[in-house]
Amino acid sequence: MAKIELLEKYAKLVVEVGVNVQKDQLVVVNASTETREFVRLIVKAAYNAGAKRVTVQWSDAYVSRYGYDGMSIETLEEIPEYTIQKSQYFIDQGGCVISIASPITGVNEGVDSLKMQKAGIAHMKAFKFVSDYVMGNGTQWSVIAAPNKVWAKKVFPDLEENDAYEALWDAILKASRVTETNDPIKEWANHNERLLSHNAILNGYQFESLHFTNDLGTDLIVELVNNHVWAGGGEHSEKGTYFNPNIPTEENFTMPYKLGVNGKVVATKPLDYQGNLIEDFWFEFKDGKVVNYGAKKNKETLKRLLEFDEGSTYLGEVALLSHDSPISNSGILFLNTLFDENASCHLALGRAYPMNLKGGTKMTEKELADAGSNQSMVHSDFMFGSADMQIEGTQKDGTKVRIFKDGDFVI
Ligand code: ZN
Ligand code: ZN
C-alpha cells in the first residue's frame, strides 16, 4: 500500500471516528502549516463524509514566535473582536472541531516568559467560552497528531531528518491503530468497546481505593472520591453524536481523593516539563501531598513543577492502561502528551477533571473542592505503569478485588 493510501485511511478515521462528521455539518480544522499535505486529506475526507463547509484555521509556530518577539505586551493582550466573532459563528452553526497537534519543540526558547504568560492568560480569558463549550462536549471534537521534521528529530535524534520524519509518521499511524492491512474504523469500534466495558465495570465497583505495587518500588494507595466516574474512549456530544476526543487513546481514568494518597510511586518514563526531561524520579505521598521526592536528572525542574501552586503537589488524575498497547509496545518516547500519557498507567499532578465526578461539570469550584477534587493551574501527567504492575481495589465494605495482574486488566 502506498503511503498516501495509508494517510487517507488515517484521515477517514479522524473524520468518521474522531469527530464523526454529520451530514451538512460545519467542520473546523485547527492545524499548523507544517501539516498542510495531511490537512488536505482531512478536508477531502470531511466533504466525502457529508460536511457542509470545512474551514481550516492555520497557525504557524514560527510566525507566532516572531509575534512574541515583535509585539508589545499590550498588543499581545489585545484579542481582535473578529476572531471572537468567528469562533462564536462556528459555535452557533454547531460546527465540530478537529485539532492537529504538531509541536515545533523548542520554538519559543528565549521568549520573554512574562510576555508569553500575559498573552496566554488574555487568550484563555477571551476564548474561555469556546473551551467551555468544547470541553463540555457541546459539539464533537478530536485531538489528533501529524509529524513535522523538528519534532521528528527530537524523537529520533539518530536518524537523518527525512528518515526521522517518516519514522514518526509510522509511529503515529501505528499508535492510532492504522495499519496497511486493517480496517481502522472497525478496529476502533472494538477498541472503544473494550474501553467502555472497563469504565462500566470500574464504575460498578465504586472502589474506595486502589493499591498499586511493582518490583520497582511503587507501593501506593490512591483513594477515589465518592461518586467518581471512570471515563475514557468515545463520548457523546450534547446532541448525542458519538465521537472520540483523542486519537490515540488507551486510558480509563478517574478522580483521586485529593487528601487520600499515601505511599511511594516510582516513575517508569521521563517527564517533559517546559522542555526539560526529568528522569528516574519518584514521589512519596502523605495524605495526598507530595512530602518527599527525588530525580536522577533535572530534579530542579521537578521542584519548579511541584512549587507551581498549592494544587501541583496533589494528584488530579489516576489512569489505568494495559501495558500491552501499540504505544507502549513501540517503546518510543513521543515527547507529546497525546501519545506518552497513553503508553502506561499514569497519575497527574494538578487539576482534576470535573467530568470524573458525578454532576461535576455543573458544580462550582467550591463544590468540586468540597468533594475532594484537586484544583491547580497545571495538569502534568507522569507514567508509572510497568509489565509487572499489580493493582488491587478495595470496595466500601472492605472487599478486595484484583484489577490488574502483571500489567493488564483481569476484570
Ligand atoms: Zn490521562
Ligand atoms: Zn492527564
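One-based numbering, in listed order, for ligands and for the atoms of each.
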Closer than 2.8 Å to the Zn ion (ligand 2) - protein N, O or S atoms, ordered by chain and residue number: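 N, O, S partners closer than 2.8 Å: E317 OE1, H379 NE2, D381 OD1, D381 OD2.
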
Is it the case that [X] and [Y] place a side-chain donor and acceptor less than 3.5 Å from each other?
X: N20; Y: T241; result: no
X: K86; Y: Q57; result: yes
X: D397; Y: T399; result: yes
X: T213; Y: D219; result: no
X: D388; Y: Q390; result: no

Only N/O/S atoms count here: what is the atom of E251 closest to the Zn ion (ligand 1) called? OE1

Indicate yes or no: does K125 engage E77 in a salt bridge with an N to O separation below 4.0 Å.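 No, this pair does not count.
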
